[in-house]
2 protein chains.
Amino acid sequence: MEDAYNADCCDFICAHEEIVSTVRREIPDEDVLYDLAELFRIFGDSTRIRILYVLSVSEMCVCDIAQLLGLTQSAISHQLKALKNTRLVKSRRDGKTVFYSLADDHVRAILGQGVEHVEE
Amino acid sequence: MEDAYNADCCDFICAHEEIVSTVRREIPDEDVLYDLAELFRIFGDSTRIRILYVLSVSEMCVCDIAQLLGLTQSAISHQLKALKNTRLVKSRRDGKTVFYSLADDHVRAILGQGVEHVEE
DNA sequence: CAATCATATGAACGAATGATCATATGTTCA
DNA sequence: TGAACATATGATCATTCGTTCATATGATTG
């Protein structure tokens, strides 16, 4: 593993070895980075972003969200499942209808950071 | 547009009209949400996340990153382009080599928020 | 318990995506 | 200027993803 510093790169050895080895020591576990990418991947779809934004205003049932966004109930339900699996959203049942809402303020914070970058 | 509140939903009208109309007024423009999704989409790939993390430690040339992550120079270059288009990364040229680094502290902040959620 | 409504789920299909290979661009130096 | 090197780009291809349709599950109410 360590001697990968000397591995070929491009056609030859061009690595700045000290930097590479320093950085290699400081990056988090593969798993953490994978989960992180997975988290952002879920944010990275405009339907899901719209759902999250909608839920940041008020809890809502599947049906209302579908109507509001102009998509099938099925599409919304599928996406809500993805959002729930990543714990970005939680649900409560009230009779036949299920109300969804943001899981916690992390979600709001992440959205906020994103908006800052976009609107800068 | 406004009377969409009465549009069919599921098989019939099931919308909670007040909530829907309130929320409809409060969500940002389509464009902003689209850009936001696009931003997170870029974060949402483990190769790109790894690149960003690596660059959060130190600026680096394409070649070093490729070696460090065990991917082709071409693959890294393609992804760096995506990261640069979204202004998550900036570059400076020094002779033949191009050094990349994080564009600003927003990127660090967004990564940080993500890690918090993942590690909670 | 049968009908109705809200939601969830599985299959299918077209569109988007990321890695690789081959090659082009751009920079240095003999 | 021409060889060598670092990076960028275009084409291709297998995989992934998001939506829809059809249908299942679960809950209420007559």
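Given the structure is predicted, the values throughout are model-derived calculations rather than measurements. So that the names make sense, note that chain A is the first sequence line, chain B the second, and so on, each numbered from 1.
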Rounded to whole Å, please give me the gap between [atom1] in [X] and [atom2] in [N].
X: B:Arg92; N: D:dT7; atom1: CZ; atom2: P; result: 12 Å
X: B:Arg48; N: C:dA16; atom1: CZ; atom2: C1'; result: 12 Å
X: B:Leu80; N: C:dG18; atom1: CG; atom2: C1'; result: 14 Å
X: B:Glu38; N: D:dC17; atom1: CD; atom2: C1'; result: 15 Å

Checklist line | Sugar-phosphate, base or nothing in reach of B:Thr97, heavy atoms under 4.0 Å | finding: sugar-phosphate
Next item on the list: Report which part of the nucleic acid A:Tyr100 touches: base, sugar-phosphate, or nothing (heavy-atom distance under 4.0 Å, all strands).
Entry: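 Here A:Tyr100 touches the backbone only, sparing every base.
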Checklist line | ring-ring contact (aromatic ring centres under 6.0 Å, His included) partners for A:Tyr100, two or more places apart | finding: none
Notebook entry, point to check: Residues in ring-ring contact (aromatic ring centres under 6.0 Å, His included) with B:Phe99, at least two apart?
Noted result: A:His16
Check: Who pairs with B:Asp94 by salt bridge (Lys or Arg N to Asp or Glu O under 4.0 Å), at least two apart in sequence or on another chain?
Finding: none
Checklist line | B/S/- contact track for nucleotides 19-30 of chain D, protein heavy atom under 4.0 Å | finding: SBBB---BBS--
Note to self: Are B:Leu69 and A:Ile19 connected into the same hydrophobic cluster when the rule is that any two of I, L, V, M, F, W, Y join if their side-chain heavy atoms are below 4.5 Å apart?
What the structure shows: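 A:Ile19 and B:Leu69: one cluster.
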Next item on the list: Just jot down the side chain to side chain contact (heavy atoms under 4.5 Å, CB included) partners of B:Thr47, sequence neighbours excluded, or say none.
Entry: B:Asp45, B:Ile51, B:Leu71, B:Gln79
Checklist line | For A:Ala37, side chain to side chain contact (heavy atoms under 4.5 Å, CB included) partners two or more places apart | finding: B:Ser46, B:Ile49
Which donor-acceptor pairs under 3.5 Å do side chains of residues 110-120 of chain B form with protein atoms, sequence neighbours excluded?
| residue | atom | partner | partner atom | Å |
| --- | --- | --- | --- | --- |
| B:Glu116 | OE1 | A:His106 | NE2 | 3.0 |
| B:His117 | NE2 | A:Thr86 | O | 3.3 |
| B:Glu120 | OE1 | A:His106 | ND1 | 3.1 |
| B:Glu120 | OE2 | A:Arg87 | NH2 | 3.2 |

Next item on the list: Could you identify which residues of residues 81-91 of chain B place a heavy atom less than 4.0 Å from some atom of DNA chain D, listed by residue number, or say none?
Entry: B:Lys81
Next item on the list: Answer yes or no: does a side-chain N or O of A:Arg41 lie under 4.0 Å from OP1 or OP2 of D:dC17?
Entry: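 Answer is yes, contact under 4.0 Å.
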Next item on the list: Kindly write out the residues that satisfy side chain to side chain donor-acceptor pair (under 3.5 Å) with A:Ser91, not counting sequence neighbours, or none if the list is empty.
Entry: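 In terms of side chain to side chain donor-acceptor pair (under 3.5 Å), with neighbours along the sequence ignored, A:Ser91 is linked to A:Lys84.
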